[in-house]
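Protein chains get the first letters and strands the later ones, always in sequence-line order, with residue 1 at the start of each. The structure displayed is predicted, hence computed values, not measured ones.
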There are 2 protein chains.
Amino acid sequence: MQKQVEIGSVRAEFIEKIGVSAQNEGLPRIAGRVLGTLIFDGKPASFSDLAESLLVSRGSISNSVRLLEERLLIKRVAKAGDRQDYFQLADNPYTSMLDGVVNRIARVKLEIDESLAQIPDDAGGPRARLAQYAGFYGAMVTGLEDALNNLRQDKS
Amino acid sequence: MQKQVEIGSVRAEFIEKIGVSAQNEGLPRIAGRVLGTLIFDGKPASFSDLAESLLVSRGSISNSVRLLEERLLIKRVAKAGDRQDYFQLADNPYTSMLDGVVNRIARVKLEIDESLAQIPDDAGGPRARLAQYAGFYGAMVTGLEDALNNLRQDKS
DNA sequence: AAGTTTGTTCAATTAAAACTGAACAAACTG
DNA sequence: CAGTTTGTTCAGTTTTAATTGAACAAACTT
């Protein structure tokens with residue numbers, strides 16, 4: 001009562017899903033599709049494989065892999081006898097991913113803290129409200145840092 | 001050695017910051033600025049106050065407050081003797097905000113789980129990798145749910 | 001060295017999202 | 001009731017982001 005589905009279509013759907021969800025993380029859709037491909041296939045994919053299988057320009061692949069490398073989600077590897085670049089998931093991609101999420105939120109918190117620090121002493125109302133707002137971001141950071149520690153233990 | 005800053009400029013900067021950070025949360029910038037205004041000022045603002053002080057059209061305000069109301073971040077209140085709508089922060093805005101974040105992530109996890117369930121039995125590699133990826137989303141959800149519970153205790 | 005292949009860059013294009021403002025309906029006012 | 005104010009809607013515009021593809025440099029191949 002499952003299983004009449006062939007793997008190719010599951011793969012295609014998965015890749016598209018990751019493409020969409022990447023947009024939530026501030027990555028272009030194509031970068032998400034590259035990541036989805038590498039997760040699903042689990043083996044190095046060449047630069048032109050990616051361009052062809054995703055039906056996008058080489059420029060887009062170049063841009064996407066740059067973004068994914070910067071975030072330490074994928075790494076570039078060499079393949080003997082082929083001078084193309086190959087790409088595969090980085091070593092602890094999910095740790096890096098979560099790290100990125102935490103940093104993004106922490107940065108917002110810092111900005112709020114900055115505003116907070118600039119509020120004149122006599123403006124108690126705004127100060128209290130911004131402090132509460134900053135506290136909210138702090139709670140998110142703490143929760144995600146806990147998740148990050150858990151993740152680090154099983155080396156994801 | 002702080003404090004040579006006047007409150008108006010701190011306010012303006014804060015509002016713009018929230019406007020920018022709103023884009024991370026899938027809200028349009030103007031909605032973020034509305035939220036920032038309500039957080040900073042801490043008192044009900046009228047519909048046209050918002051349009052004028054943010055220098056945007058009434059259509060934009062209408063759209064923004066709708067989005068913010070849907071997410072339970074702000075509420076519409078009446079003011080005696082004025083037939084305009086007024087808006088102020090909802091009761092536990094940060095709890096709602098975090099709830100929204102958790103749900104968004106949980107929804108992605110569900111999509112991955114769906115793909116996972118459709119993978120044929122013989123495809124052990126993809127299954128394991130998708131499971132790990134789903135686990136990563138699960139860890140985020142758990143971490144944020146903890147944060148949510150903490151937040152609920154001090155009623156933010 | 002001449003010719004390929006490869007990946008990057010960036011100007012131009014396309015696509016997506018945000019925003020405006022005029023038209024409208026509903027609720028009010030005198 | 002005629003006129004006003006108020007908030008919503010949505011078609012059109014503007015703005016922003018993503019994507020393409022041609023030009024290029026670097027590394028390889030014969």
CG of B/D82 versus C1' of C/dT29: gap in Å, rounded? 14 Å
Length of the line joining B/Q84:CD and C/dA27:P, which is rounded to integer Å: 17 Å
Atom pair distance, as rounded to whole Å: CG in B/L27 and P in C/dC19: 11 Å
Has B/S60 got a side-chain N or O lying under 4.0 Å from the OP1 or OP2 atom of C/dT20? yes
Between B/R11 and B/D41, is there a side-chain N and carboxylate O pair less than 4.0 Å apart? yes
Got a sec, which residues hit salt bridge (Lys or Arg N to Asp or Glu O under 4.0 Å) with B/R76, two or more places apart in sequence or on another chain? B/E69, B/D85
With a 4.0 Å cut-off (strictly under) to non-hydrogen atoms of chain B, the first and last hit nts on DNA chain D, 5' to 3', are D/dT4 to D/dT9
Heavy-atom nearest nucleotide on DNA chain D for A/G59 versus A/Q23: which residue maps closer to 5'? A/Q23
Taking the side chain from A/R29 and the backbone from A/A22, do they hold a donor-acceptor pair closer than 3.5 Å? no
Not counting sequence neighbours, list each pair that qualifies as a side chain to side chain donor-acceptor pair (under 3.5 Å) and has a residue in residues 54-63 of chain B. B/S57-B/S60, B/N63-B/R66
Using a cut-off of 4.0 Å on non-hydrogen atoms, how would the nucleic acid contact of B/I30 be classed: base, sugar-phosphate, or nothing? sugar-phosphate
Hey, does A/N63 reach any base, or is it just sugar-phosphate, or nothing, if we go heavy atoms under 4.0 Å? nothing
Flag the pair B/D99 and B/R71 as a salt bridge only when some basic side-chain nitrogen lies within less than 4.0 angstrom of an acidic carboxylate oxygen. no
Lys/Arg N to Asp/Glu carboxylate O, B/D122 vs B/R127, below 4.0 Å: no
How do A/R83 and A/I61 order along DNA chain C: which one's closest nucleotide is nearer the 5' end? A/R83
